[in-house]
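Step one of this worksheet: look at the structure below.
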Amino acid sequence: MRVLCNALSSCAKTLNWNLGIRIHAYMIHSGYEDNLFLSSALVDFYAKCGAIADASKVFSGMKTHDQVSWTSLIAGFSMNGQGRDALLLFKEMLDTQVKPNCFTYSSVISACVEQKEALEQCSTLHAHVIKRGFKNNKFVISSLLDCYAKCRQIDDAVLLFDETSEKDTILYNSLISGYSQNLYSEDALKLFVEMRKKDLRPTDHTLSSILNACGSLTVLLQGRQLHSLVIKMGSERNVFVTSALIDMYSKGGDIDEARRVLDLTAEKNSVLWTSMIMGYAQCGRGSEALELFDHLLTEQGFIPDHVCFTAVLTACNHAGFLDKGVEYFNKMRTHYGLSPDQDQYGCLIDLYARNGNLRKAKDLMEEMPYNANRVIWSSFLSFCKIHGEVELGREAANQLIKMDPHNAVPYITLAHIYARNGLWTEAAEVRSLMQRRRLRKPAGWSWIEVDKHVHVFGVGDVAHSQSNEIYAELEKIYLGMIFHIGVPMATARLLELASKKREGNRLIFEVHQPLIVANEMLIDGG
DNA sequence: CGACCTAAAC
């Protein structure tokens, strides 16, 4: 019996489906079917193999359930993306005599993320955990911290981290990824440095999170150091790490290095391809993005998903390929049976608006089966500004103000639109409304409009002026940034885009205030 | 017999 139990456990770990089902057959044949331990192991096996229906069937066929069988199925739902079912099953468990233990809590807390009332569920479970005395279990703490971070409650995550006396690698990983996901990238870097000082060995999880942070910050210098660490650790084989590397190099402006990483990867998956296409799209090399995509379709039998189409359509946007964009959008449904979601509609709307066809863009917003979100309205508003469209601009600005009354940007843009069209009274009204609501531009930030295709959101207060002066200002600001953040590539790329006045390019470049850790070596001997 | 942290998006 013990042998069977261990064998099933191994099958679960190695996803050995064929052996697992043979053991199940043998169990039925030899009358072990009612054994609690074996049945629990079986639930775990089916759940881990993704056969959640079979796991449920075994579970409901059991005469009694213990902590392990409950937990195995709860964890099974959670890891198969059915968090809702995991929570429901947990509630069912609470009505029985079997008490959840720390295994149950770490599973059910992980299931909370991406649920509707995630934060509420998570806090409730946190209270349970304290009451039942599991708050020192490192698995429970990590899942709680992760859940808080994913609910954007980074302060709660940090509190949990600080309260924990024995911090292990996984706890560091949880907070580093939390910082990175919430765009506290610099804090992620700092924590990584601290982790290394404590001689905690990074894992593949650490690397993918920290590379992600480097991507957000566009710090190539640090990214390259980490790349050498990746190679030293042999982590190039991990697709999570590889994808973070490709993304980091793309965001940092070294798209050719991103391509080299991709080419050197033996087993490429759709995330890697999509990252690469998006990389080309974002740096303005739209044709190369489409070339790669078309090559994948014809030569590799590649089946694109929604995200991939977002990347392809983004490439069309940035390169100004209106007809091609519409063609790909239609192909989604006709060739691949994918119904476009909000993001692909967003791209198409963006594409029309960019081309000055604001009416068509607006019609699409009304036709599509989704409510336009903040992203879509913001992009639409900025094109109303570029094309001097007052009525639609006003509507867009009002929508955005309704969604987020404390964001100053739509007010400022609307005032610009009015002023450009000589509507001075209306412009003054918007400004006084802003004053009444005590809204101002975030300190140290301002919009710089380079020409009608290139916008830069940068540091420094630059007065509105003509193109040449703006280039000079840009250079001053961004050369300063090169010094601060040590990322010549992204900056050079930005200046190149700006000075070439490429048609159809719109670039929003966000950079934070000078980095504290930017010039510190992240790894020894890197 | 079971549990925590990692990837692509206008």
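The sequence lines fix the lettering, A, B, ..., with proteins before strands; numbering per chain opens at 1. These numbers come from a predicted model, not from an experiment.
- Only A/I170, A/N173, A/S174, listed by number, bring a heavy atom of residues 157-174 of chain A to less than 4.0 angstrom from any atom of DNA chain B.
- Residue side chain A/F139 meets the stacking definition with respect to B/dA3: its ring centre sits within less than 5.5 angstrom of the base's six-membered ring centre, and the planes differ by less than 30 degrees.
- Taking the six-membered ring where the residue is Trp, the centroids of A/Y328 and A/F321 are separated by 6.0 Å or more.
- A/S143 and A/D146 are not linked by any side-chain donor-acceptor pair at a separation below 3.5 angstrom, with hydrogens and angles left out of the test.
- In this structure, A/Q181 reaches the B/dA7 phosphate: one of its side-chain N or O atoms is under 4.0 Å from OP1 or OP2.
- Under the rule for a ring-ring contact (aromatic ring centres under 6.0 Å, His included), A/Y26 has no partner lying at least two apart in sequence or in another chain.
- Residue A/Q67 places its side chain closer to B/dG2 than to any other of B/dG2, B/dC10, B/dA7.
- Here A/W70 and A/F90 keep their ring centres 6.0 angstrom or further from each other.
- Under the salt bridge (Lys or Arg N to Asp or Glu O under 4.0 Å) criterion, A/E288 pairs with A/R285, sequence neighbours left out.
- Using a 4.0 Å heavy-atom criterion, one finds that A/S106 contacts the bases of the nucleic acid, with or without backbone contacts as well.
- Listed by first and then second residue, the ring pair (Phe, Tyr, Trp, His ring centres under 6.0 Å) pairs involving residues 154-175 of chain A are A/F161-A/Y172 (not counting sequence neighbours).
- Within residues 140-153 of chain A, the residues approaching DNA chain B are A/S142, A/S143, A/D146, A/K150, by heavy-atom distance under 4.0 Å.
- If you look at A/Y345 and A/F329, their ring centroids are closer than 6.0 Å.
- For the ring-ring contact (aromatic ring centres under 6.0 Å, His included) test, no residue two or more places apart in sequence or in another chain qualifies with A/F37.
- Backbone-only engagement by A/D44 is indicated by non-hydrogen atom pairs under 4.0 Å involving sugar-phosphate atoms exclusively.
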